[in-house]
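Everything below concerns the one structure shown next.
The structure presented is a predicted model; accordingly, all values stated were derived computationally and were not measured.
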Amino acid sequence: MIKSGARTSFYCILVLLLLWSPCLAQHTATETTDGGGSNDRSRDYLSDQSVVMITGAAGFLGSELALALHRTYAPKRIILVDRMVDHPQTQEELALFEFQRQRTFHVLQTLGQKGRFYRADFSPMIPEYFDLGEVPVLDHIFRENSDITHVVHLADPYPHATLQIVPREKDIPKAGMMESLMEQLVKHQRDYGYLPHFSYASSWEVYPHALNATTNPINIDPPSFDLLREDQTLNTPSSLRGASKMIDEMIAKLYYDTKGIYSVGLRFFLVYGPWGVPGSPVFEMAERAVTGDSNLLADPEEKSQDASSRKKLKPDWKESIQDFVFIDDAVDEMMAAMQFRPQTKSQNGMSGFSQPHPVIFNVATGQGHSLEDVANTMKELLSTGTGNAKSVSVSTKKRNLHSKLVSVGVGSTHRAEVVLGYQSRVSLRDGIIKTLAWHYDRAFPYGGRNQKGTASNGSTFIASQGIERCLPYDKECLRGAPVFPCASECSHEAQCTKSYYDEIIAWTQSLTSDCDTVLYTVDLDDSLAMIPSTHLKLQSTSKSFLKGNCNLAFVSDRSHLVQNLKTSHAISSFMANGRDKLLRNGAWVLVPLNVPIFPYGDVEGDVLELLPKLSPGLFFGSSTKRAIYVDSDILLDSIPNLLREASTQPYSDEVEGATAMLIGRGTIKEKVLEQDESFGNIPQFFQSVRTQVQNSAYRMVRIAVADKLFGDGFMELLDSRWMVHTLKSDDARLFRCDVLGEVVQWEVDTDRSALEFVLGLHDMWSRVIAKASGVSPWWIGDNVVTVPEGSVPHRRLREDEGDSSDEAKTKANKEASGEAETDVGENEIEANRDQDIEDALNAAMVNKAGDLDETSDDAEDSSNDPVRQDNLEDSIDDDEVQELDDHTTGEDNERPEFVLDAGKQQEVAAEEEKRGESSDDPDDDEVIEGRDRLDKEPHVERDYSSYDAWMGILSSSSTKYFVRIVKSSDVGVASINQ
């Protein structure tokens, strides 16, 4: 029973609770509407549970932010959105797109499964141009990732000169992305009950910063100027881009006033560093500096305006004072701003949280420098190689700026230091050193600087600040540069990873020192008991192997094959000199490798197994010109014929060509596998996660370039079970390194996607460069004629000789008989070579008219003609022909051989004899008429749904290199299963 005094106290407490309940309810509602979310503000803090969406993710700031978030906080998921350069047409657009592609690939390779990339433009469009996949894409992204905690808006259509609020043409970049994102945040708050933390990029160009030096004392020492502060009144921005960013800030404030959307704005000053913006001043200056160009301060508007008009209309851009921010400092402030939400009081004065007011921070250093300071620092570093000199800034240099209009833009960092705890840590000199080192590594990729001769002290110092100082697995330090095994021809001498190839590479070089051509295979399976192609032939006359020690098989030392041979031969060292000390399996010389046992799922072993296949340059002797790779179950009919096919070029009147790689044509993948009790057929249907990410990235690029890239991602257009490498070409080496780099960076266990994609990029670039120089790509279309390498210079020589005067011809006829006989022999060789070219062109004309089904028939007709056969051999170097004649064999195996196709030999010989007796050569009039039709016929664009026999690769030499794709059966290549 409650006493009266206790009852009175109870009623008083109850009355107080009833009176306070509206206040408690209001306080609770205030807490639950903190920025449209809940009272759990832990979402604002970055952690391994965060889900971050970044727009403009292929840009400089977006890509670096994604990488830093992954390293620092390891968020659960990072959503990357970027429109990239859509359908690039010009060389400049393609260059920018390629740079964005490299950035994006670097991010996706680093993030792995935690990264999701959407190539989308979510800018609003006018109704008549509305297209599915624009604004709805943004809503799809938010619905697919409903747990988004942070949104960072860095997308920026600038520097497109056609920036418009309302587009008037379909493909013109639009403004309005800020409104789209704000509306999507409002919808997300309504649907899911909370508002993700939102931050966005603004620009220092919202400030008016053009000052006249005659009225402002910046010409004194030290200079005096006001720092640009976030709280100062803005009137006229300094550029159109500044005006667009001011609009974004006004929109953010408006959505706060009307919808309660909290936001953090970041006014970026001039951010520079590795992976910078192509076309920006510091980026272009660094590119010129590392390539030896002394004119670092080239005026970007030099061609558009004369000197007098520039002097009147613009400030002195070389001496204008600006705030240069290194990318690492900018990223640090971005990550701090992403977690900032101020604690405020509610409107009635009670403690708690209300919707905070939007806030803006400068991303600056507070230090002013000019482009002249930057240029002088770069020149000093590259000339002296000292990194400890005094930092150059406007405070250490007296300037004579009287009567000059000088642009001053230096930001105050006071608010960021007090509120975010931010402080710039990288000085201008240190930032320039890191930037130059990155540009230097890109200018001389794949160990290229080792071939440039003795470097200056400055170049040596800059090189030492790049990837050479990084640990092989420190991806942050490497900044996207691949690290190759030391046994690769692509590796840097000071930066490579050791592998089991290191201990045998000197021996294989010595073993093949006399080989002009090397045939090799790789099979590291421990269960290998015999190389399948050892005792099999396609025909009884097949020349499937080379004589001597020019057939190498890289095998595991633990394999049954090696263990059995070691036991039977009882040898102690397989690397000893002499034939008796070598392990052999038929014509194959075995190269046992001490392959470690890799954990299940470790891709390092798969990448290393692909190393000799894709990068054979260091494995063989210095005299080796070509290397033929085959899988262990691939059979070759005739190595001499295969090498002749690898010694050709697409015909051109002006450009000398050569084959960098000969590779087989692929087959369409099976979309649905047949049911099979054996599990062995199923793994090809399943791909590793990294391979899936790799292929998705490749398909994204193909769509972006409007299918102007080789392949479609669904068909295997290349048969990489065999390939012929040209080793004596740096252009061919760089192409191989591009392919191996893709495999290494994606960490995948197959090379087919990388080969196809890199080949497509090289060919697309080759076509763009050719068209930019006024030349139509002559290696594509139905009229391509294949001729032996070196045909262009020989043909030019003959034409020059044909233009000589009659007096010179008469004088030549009066030479001594001995000399005349020699000249006749040489002229006959030249005439035969020209005849080969003429025959190839004539065959192309006949094929065009429909008289023959295949151009190869004409080549087959010459198989019984000794003169024509000699001419074909002339397409290969004399030493190589001699080596083939002396070293190709099909009878060296001690064990009996099984001939797969011997029953067809008489039929083939009879058919060849029939064709040899017939004559399908067209009349001279027909040939001339056909040639005219070929010359006058308009150029045929490449059919991107298929592929041609020739693909161009980027070439820095006067010789244009190509990859030739042929049907395997046409060159006598087949697998045992076939």
Side-chain angles (χ1 to χ4, degrees), residues 519-546 551-556 559-561 585-588 590 606 609-610 612-614 628-639 641-642 645 661-687 691 714-724 748-753 755-756 890 893 895-905 907-908 947 965-978:
L519 174 68
Y520 69 105
T521 187
V522 181
D523 194 333
L524 304 183
D525 191 349
D526 288 349
S527 63
L528 180 68
M530 182 185 70
I531 299 176
S533 61
T534 299
H535 302 296
L536 298 178
K537 280 190 173 185
L538 290 174
Q539 305 181 67
S540 60
T541 58
S542 292
K543 295 183 178 181
S544 305
F545 293 97
L546 302 164
N551 310 287
L552 301 185
F554 296 87
V555 296
S556 172
S559 66
H560 298 320
L561 175 61
N585 185 215
W588 293 108
L590 303 185
D606 298 321
E609 188 168 357
L610 293 172
K613 173 183 179 180
L614 300 178
I628 306 173
Y629 169 81
V630 292
D631 280 358
S632 59
D633 61 345
I634 292 295
L635 304 177
L636 303 179
D637 181 46
S638 174
I639 291 180
N641 290 338
L642 188 64
E645 297 293 340
M661 177 187 292
L662 180 69
I663 193 170
R665 179 177 299 181
T667 56
I668 301 177
K669 293 179 182 178
E670 293 291 340
K671 293 185 178 180
V672 181
L673 293 180
E674 297 181 359
Q675 296 293 331
D676 194 336
E677 297 179 358
S678 172
F679 190 71
N681 293 332
I682 299 180
Q684 60 179 344
F685 183 77
F686 298 99
Q687 297 176 333
T691 302
F714 298 99
M715 298 171 60
E716 291 182 354
L717 300 184
L718 298 176
D719 182 4
S720 64
R721 294 176 300 172
W722 68 273
M723 58 185 69
V724 182
V748 292
D749 55 0
T750 179
D751 59 0
R752 292 190 177 182
S753 296
L755 259 171
E756 180 181 307
N893 301 333
R895 300 184 184 182
E897 300 162 347
F898 177 73
V899 181
L900 294 180
D901 213 6
K904 296 184 179 180
Q905 291 310 300
E907 298 178 7
V908 173
Y947 57 101
I965 307 171
V966 296
K967 191 175 181 180
S968 299
S969 58
D970 290 347
V971 292
V973 179
S975 67
I976 292 178
N977 294 333
Q978 292 173 330

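Side-chain atoms of Ser975 and Asn977 form no donor-acceptor pair, as typed in the model, at a separation below 3.5 Å. Between the side chains of Thr534 and Asn585, at least one donor N or O sits under 3.5 Å from an acceptor N or O.
Residues Leu636 and Leu519 form a side-chain contact, since some pair of their non-hydrogen atoms from C-beta on lies under 4.5 Å apart. Side chains of Val724 and Tyr629 form no contact here, defined as non-hydrogen atoms less than 4.5 Å apart. Considering only heavy atoms from C-beta on, Leu610 stays 4.5 Å or farther from Thr750 through its side chain. You'll find the side chain of Arg721 reaches within 4.5 Å of the side chain of Arg752, heavy atoms only. Proximity of Asp637 to Val973: side-chain heavy atoms (C-beta onward) are nowhere separated by under 4.5 Å. Residues Ile663 and Asp719 are not in side-chain contact: their nearest non-hydrogen atoms beyond the backbone lie 4.5 Å or more apart.
Taking Asp526 as the reference, Arg558 meet the salt bridge (Lys or Arg N to Asp or Glu O under 4.0 Å) condition, with sequence neighbours excluded. Looking at residues two or more places apart in sequence or on another chain, you find a salt bridge (Lys or Arg N to Asp or Glu O under 4.0 Å) between Asp751 and Lys613.
Across all their heavy atoms, Ser544 and Lys537 have their closest contact at OG-CG, 4.4 Å.
Expressed to the nearest 0.5 Å, how far OG1 of Thr521 lies from CG of Asp631 amounts to 6.0 Å. A distance of 10.0 Å separates NZ of Lys543 from CD1 of Ile639, quoted to the nearest 0.5 Å. Taking OG of Ser638 as the reference point, atom CG of Leu538 lies at 10.5 Å (rounded to 0.5 Å). Remark: Ser720 OG to Leu718 CG distance equals 7.5 Å, nearest 0.5 Å. Expressed to the nearest 0.5 Å, how far CG of Asn551 lies from CD1 of Ile531 amounts to 10.0 Å.
Remark: the backbone N or O of Asp523 is not paired with any side-chain donor or acceptor of Ser632 at under 3.5 angstrom.
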Worked verdict on Leu528 versus Val555 for side-chain contact (heavy atoms from CB on, under 4.5 Å): CA-CA 8 Å; Leu528 180 68; Val555 296; 3.7 Å; yes
Between Phe545 and Trp588, is the ring pair (Phe, Tyr, Trp, His ring centres under 6.0 Å) condition met? List the steps. CA-CA 8 Å; Phe545 293 97; Trp588 293 108; 5.3 Å; yes
